[in-house]
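What follows is a set of notes on a single structure, which appears directly below.
Below, chain A is the first sequence line, B the second, and so on; all start at residue 1.
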Amino acid sequence: MLNTLLFLSCGKEFLNVSPKDNLTGNDYWKSEEDVDKFMVGIYKTFRLITMGTPRGGTATHRIFFPATGDFRCAPILRTSQSSGGGRNYLTHLRQNNINALFHSDYNYFGFTAIPKWNDFYKMIQAANIVYHEMDNMEEGLISPASIARYKAEAVFLRNLAYFFLVRLYGDVPYYTEAYHSKAIGRTNMLEVLTKGIADLNEQYKNLPWTYEDPSIVGNRAMRGAAITLLMHMNMWMAGFTTGDKVPYYEAVIALGREIRLENNNSYELLPLERTKEIFKGRTKEGLFEIVQNLNYGETFSLSSPYSDYFLRYPNKHIGIQRSYLYYEPKFMEELYPIGGTDKRKNVWYDEHIYNTSGMMQCLKFLNVFNEEGEDYNPDDNQVVFRYADPILLEAEALAELDKDSEAREVVNIIRARAEAPLAVSESGDELKDFIWWERVRELIGEGHFYYDLVRTRKVLNSKYTSATMSVDAYNRGGWTWPIHKDALIDNPYMTLNNYWN
Amino acid sequence: MKSFKLILFMLNFIVIHAFAQEVTVTGEVRSSTGGALQGVTISNQTTKRVLGSSNNQGQFNIKVDVGTKLLFRVIGHDNSTIDIVAGKTRYVVTMRESSTEIEETVVVGYQARKRETLTGSAVTISGKEIQDVPVANFTDLLQGKVPGMNVQLNNGTPGMRGSVAIRGISTLNVQGSGDDAFLTPTSPLYVIDGVPIDEGTNYEYGFQTAGPGISPIAMIPVEDIEDITILKDAQATALYGSKGAYGVILVSTKRGKSKIPIVQYVGQAFVNTPPNLRQVLGGVNERRSRINQILMNDTSYNAALDLINSTPLLADSLNPYFNNSTDWQSYFYRTTMNTSHSVNISGGDQTFNYKIAPGFYNERGIVENTGFTRYSIPMNMQYRPSDRFRMFVNLSPSLAKNSTGSGNAFRQTGVATSANTSSLAPAPSIFSGSMGALAALSMKNDNKTANLNSQVEMEYSPFSGFRLSTTLSYNFKVANQDRFLPEALNSNATEIYSYNDRLNTLYNRNMISYTKELMDKHILSAYVFNESEVSKFQADVMQLTGTANDQFFAGLGYSTMNALGGTLKGLYERRTLGYAGNLTYNYDSKYILEFSYRLDGTSTTGSANPWSNLPSIGARWNFKNEGFFADWSALEYGMIRGSWGKNIIPTGSIYDVYGRYTSDTETYNNQPSVSIDMETIPNISLLPQTTTMLNGAIEFGFRNGLTFLYENYYKQSDQILRTKKIANINAFGNVNTNETSLVNMGHEFIIGYRPKRGNDSDWSYSLNLNGAINRDYTAALPDDVRQLLVQDNSVYKQSILYRLGINALSNVLLHYRGVYASDDDVPINPLTGLRYRVGGNLADERFFRAGDPIWTDLNGDYILDEKDFVIVGNSQPVFTGGFNAFVQYRKWSLNSQFFMTFKRDVLNNALADRLRNYSNPAGIDGAGALVPIEGLDIWRPNHTDSYYPNIYDFRRNSFIDPFRYDQTLFQEDGSYFKFTTATLSYNFDREMLSKRIGITSARVYFSANNILTISNYSGPDPELVSAMGRDSSAGYPNRRSYTVGFNVQF
């Protein structure tokens, strides 16, 4: 009888059993630590998508940033070190010959992973789940401020994923509800971005400018990263919209001002001599980075970094006497006119900058090695967004709106740091070109080149690329990547990227 | 003055007491048919105090006050009263046999109820009816006894039971494929002496069962069963909560009821024989058959010679390795001699009784190296000093040992493969390399299952009509398996597999009941109870490779790198909690109206919303009790009843609802992370499966002993959990949804005839016929689709289709219409001028010819491919029923039981397997045993009008595949009529026995089980098929047993 009373009073608690073998959602979401660990998992998914891991065989190899950002349609040329057929993918990338890329087996470099968008949707689902669970957590477990910050972080992560998806595939399915299980078709790219911009605009101010804990500076969502993402999304909108582009440029300018003028000294451009620190990560210049650290046992897959292609002995083992790639001298001369002064030329390159036999090295990403001279890649973080990026975007937007003097002023921030001649009289298209080339110069090897070509439609113009795209190809989605046909399974609304079929 | 009055008043009592003189009365209780009645409860009708009971000879001896009215009660007879008058000390009481079962009591919803007040559907089987055939599981003997309960003995492994389904299937989820496909189990709930036993969870009907596979039901000795009640409709099962949704089987064990202790012994000796084994071609016959097939059918004579000469099996006939005639089946199947013994020592009366019943059951399987042994000592004790207080204690330890050889609890794959070896190969020995066969024969497989049930029940009635009771039980079960594979059979490394699991269950129930009688005719009774259960399960496994030698079965192996071990998936801690209430209104035993409600909570669905509601309502009209029927003297009773109820079954696990979170192996930024498992998406809105059942019945009996029962039911299972794959943009792989529905409809009937016999008649007999028609329909499918194909990617390609409005599980097969008698009969595509052919690359062999099967070209494109499948068949039986006949002549009696299953489609994969053995006459490794096919109507050049296609054309076999599994040729009607058991028994004359050797009763009997199956089915046994209707060669055949039994009572 006592039992009866006991059970009547606390039936629900009696039925609450925590399984021994795994955690369930019923027991999760009970502390700030739970949220944090789950959030870390999303960053890890992003690392896996973009950088892979050295463990687990070729399935986890990735050539994400070099292939999608730096090499596609870029004036890269192979050297004697990379003349074998196994490196043909470099030529395919240069020539935008994506079909050839997938007709041969380059899976060692992780090309097969690029058409598969599953992992981006893992990020999105997980971010949506955090957002949803934040609203459902019992009151008092964590502070409202933390909830707001975590929600903003989740929103940043899902929009980061959507932005990457849009840049890869164009139109993509869009959803923000947690535990989404329906089959849906693809949403127009511009609509995805419009929704994403609205979504992120609402939340990004809840993110801190920077963190007190130095270990998470630059690698957990910061307001600067969110602003840069917003600027990128707006620039992509401006590039593709058929309507009025002005509001997007205005938004970019406003965001640029915010990040430059309101950042409470959280961000600054470091002197170029401290390049190694910048790309090692966690500096005031880094806005969003993917962490790599040998000491943590966290390394990227061997095929993922850009630096792999522009280093040779003594920065690689003795068998690699030539870099795998060099840039066309014409291109390098455009970036660094012979005889011109630019500190980047001295710090980021060695004396063989215009060399065509493979002696050229890009020393931008050159940090601690596992062991001297070994065929290991530098232990750098992968920089996704850097403070120089929003500054140049702002300058670009200003130039587009013909605010030339302001544009010059902003671009000269970057020029000044490099101790290069400042822009003084450039205006109109000349200024726009100047800023575009400045972006190439500053952000080379950081996964922006191809996207800058595409969104500014410069990919149609042989002046900027060695593999120009026809207007027809561009309009039919020749700038996208193919989507893996698995997307059609159990989804009657799905279509693939027909250009590549 | 007042105090004086009080003293007088008290004195008055004393005086009365002094006058109420106590006398000792003796007497005898007799049945109206003349026999002595034992165990009749005698109580004081006014005080309700129990005074004693009659002994074995029907005698009683009690002390009682003169003037008392004594009440005599016993089950099966009407109550009787006598008045004790001064001066008379010997009384003879005659109790009229209650002529119908309507007077019996049945325990429904943990409350004993008179059968005539039941509104739900319940069938009771007496333990005596099933105790003459030795079996490990009592459910096997319920076959054909209860309409609507479909028991198929589809597994002959000793200690395992057949499949049990009450009122059709409740799910259409299928796991596995091909031969291994099985229906997700929906086992009924077993309640043993008022304690629910979870039977289904860990002993599911799956082919990959780990561990010994002995269910707790197999731990109950059949001799100890007093009776079994099967509850079928929602009103009867509602009070058992969500676990009762698939039906409830109540078992009560024996209790002591004789004042003088009785010792009863039941001994059985039984012989198990294997069924008829299949005929095979042996030795020279097999070789000639193979050589002939090659010579007659190869592309050219030279090719044939070349093939024969390059096949040592055929050419090298003098080589001792190929010169054999091995009867493989003889190595695996055997006839066994077995015994079972049980002793029941019991005694006591209503006040205090006890029972202890040690038992031993041993059955060696008809397949070598398999068997089952059970030791059990069920004990119980009841103390009931007055009608107000009752205490019952039950303690049942039991231990079972079994061996499943090289197979598991359901399949003997090793035996099946080995028995299908060519007779030309040498007999199993270590030198001939027939490892599979040797493993089946010599693998050590030792399983132990130990079970302890303990239970205490107390009842107290503070005032009349009001009762409080509580039950507490603890059930502990351990099971372990030790398997040892000698090194010669396992690539020179021994293998030890050791499995052990433990399950413990704590159960408590507290009940308050109240019965009130108003104005003689209105009886209102109500009760409420709560029920809680905690159960924990964990299974661990260890596998070691390479011990020092074959004599060491334990310890560390030298190959520690290959050692495996850990806890198996599926460990759990589960809690359930139920609150239930029932209100019954009974007007003059004419109109009965009943409401039940149960609130059920379970931990499996998590804490957010663990509750489910189970309402039910039932009504009954005993129309014979109406005044206007009083004249119908021929009609003894008659009633109509109906019920509606809803049962809710929580499905899925807590992970399905909330997701599974796991710590990741790698860090990020040196921080640990946790991810949600992306295999199955959590579905917060997951709903429990709901079963709604409507039941209606009409029942009547005549004075001449003829009884009828007809029942009709409609059962709708909604929101069945089904796993569905989802688009990859959702990141998760699957989702569990509740979008599937299933409907079962059926009719059930019982016709019984038990003529009243006169006192002087030597003859008596009774007949009972029952049957049930059940049809199932798919009512809804996920995403509102009209049909859903479950693709079978195994070699069998036997896909399953669900389509709205038709039977739930349909086969998808090629339509076989016979054989092309000649090449000219093959249709020609008028557009291309090409003959009808099988799909694939254009090749000469692919065009149909004479002797090839005619498969309907459904889409008319003259190419046979996946577009030509038809939807046919129903793997679930439409009609099941049983017939029982009992004849008694003086001391002799003969009882026979029949069982039938009609309208069921079986896929005869066993036959297909055998015919496919002809596809490669030169095969060495895969050379299977050849069955003689002279008896089959097979196409030959000189016999073109045949039923089966050309079997000999082995060169084109891989192109045409005439004996493919996925065709209607192998879908056969699996109807059968089975003579289940016959028992002939003789009761020794009691007078003679007790006088001469002091034995109160003795009975000897002979019984046979699984006697004869009559069927058109071409396979070995139409019953030995999976619940999906697939006949696999790897099943464990059902034994036939002959028993000599002896019951004696001291």
query: Above 12 or not: heavy atoms from other molecules or residues under 6.0 Å from CD of E33(A)?
result: no

field: Most chain A-contacting option - heavy-atom pairs closer than 4.5 Å, from D664(B), D783(B), D677(B)
entry: D664(B)

query: Which heavy-atom pair separates R282(A) from N669(B) by the least distance, and what is that distance?
result: NH2-OD1, 2.5 Å

query: Can you say whether I676(B) sits under 4.5 Å from chain A via the side chain, the backbone, both, or neither, judging by heavy atoms?
result: both

query: Among R220(A), K37(A), K44(A), whose side chain to side chain contact (heavy atoms under 4.5 Å, CB included) with Q671(B) holds?
result: R220(A)

Minimum-distance pair of heavy atoms, taken over all atoms of Y668(B) and V40(A): CB-CG1, 3.7 Å

- prompt: Does CD in E679(B) sit with more than 12 non-hydrogen atoms of other residues, nucleotides or ligands closer than 6.0 Å?
  reply: no

task: Look at atom CE of M137(A) and say whether more than 12 heavy atoms of other residues, nucleotides or ligands are closer to it than 6.0 Å.
output: yes

task: Would you indicate whether Y493(A), at its atom OH, is surrounded by more than 12 heavy atoms from other residues, nucleotides or ligands within a distance under 6.0 Å?
output: no

- prompt: So, for S675(B) and G41(A), which heavy atoms are closest and what is the spacing to 0.1 Å?
  reply: OG-CA, 4.4 Å

query: Which region of E177(A), side chain (C-beta onward) or backbone (N, CA, C, O), has a non-hydrogen atom less than 4.5 Å from a non-hydrogen atom of chain B, or is it both or neither?
result: neither

query: Is chain B contacted by the side chain of Y28(A), its backbone, both, or neither, given a heavy-atom distance below 4.5 Å?
result: side chain

message: I'd like to know if the side chain of Q125(A) and the backbone of F732(B) have a donor-acceptor N/O pair within less than 3.5 Å.
response: no

field: Closest contact, heavy atoms only, Y179(A) versus P682(B)
entry: CE2-CG, 3.3 Å

task: State whether the number of non-hydrogen atoms from other residues, nucleotides or ligands found under 6.0 Å of K725(B) atom NZ is greater than 12.
output: no

query: Within a reach of under 6.0 Å around NZ of K724(B), are more than 12 heavy atoms found that belong to other residues, nucleotides or ligands?
result: yes

query: How long is the span from the CG atom in N118(A) to the CG atom in N728(B), to the nearest 0.5 Å?
result: 4.5 Å

task: Below 4.5 Å from any heavy atom of chain A, which atoms of T576(B) appear? Answer side chain, backbone, both or neither.
output: backbone

query: Where does I124(A) contact chain B at under 4.5 Å (heavy atoms): side chain, backbone, both or neither?
result: neither

query: Between I729(B) and W117(A), is any pair of side-chain heavy atoms under 4.5 Å apart?
result: yes

- request: Check whether the side chains of Y661(B) and W29(A) place a donor and an acceptor atom closer than 3.5 Å, and report yes or no.
  value: yes

query: Among T737(B), V735(B), T667(B), N734(B), which residue forms the greatest number of heavy-atom pairs with chain A at distances under 4.5 Å?
result: T667(B)

- prompt: Where is the tightest heavy-atom contact between S181(A) and I726(B), given as atom of each residue plus distance?
  reply: O-CG2, 3.5 Å

task: Select one option (side chain, backbone, both, neither) describing which atoms of F120(A) are under 4.5 Å from chain B's heavy atoms.
output: neither

- prompt: Which region of I290(A), side chain (C-beta onward) or backbone (N, CA, C, O), has a non-hydrogen atom less than 4.5 Å from a non-hydrogen atom of chain B, or is it both or neither?
  reply: both

- request: Against chain B, label I184(A) side chain, backbone, both or neither, depending on which of its atoms sit under 4.5 Å from a heavy atom there.
  value: both

Within 6.0 angstrom of D135(A) CG, more than 12 heavy atoms from elsewhere: yes

field: Contact class of T53(A) relative to chain B, heavy atoms under 4.5 angstrom
entry: side chain

- line: Distance col, row M678(B):CE vs T45(A):OG1, nearest 0.5 angstrom, shows 6.5 Å

Region of N293(A) in contact with chain B, defined by heavy-atom distances below 4.5 Å: neither

query: With only heavy atoms counted, which part of M123(A) is less than 4.5 Å from chain B, the side chain, the backbone, both or neither?
result: neither

H180(A), K182(A), K122(A) screened by side-chain hydrogen bond (donor to acceptor under 3.5 Å, both in side chains) with N730(B), the one that passes: H180(A)

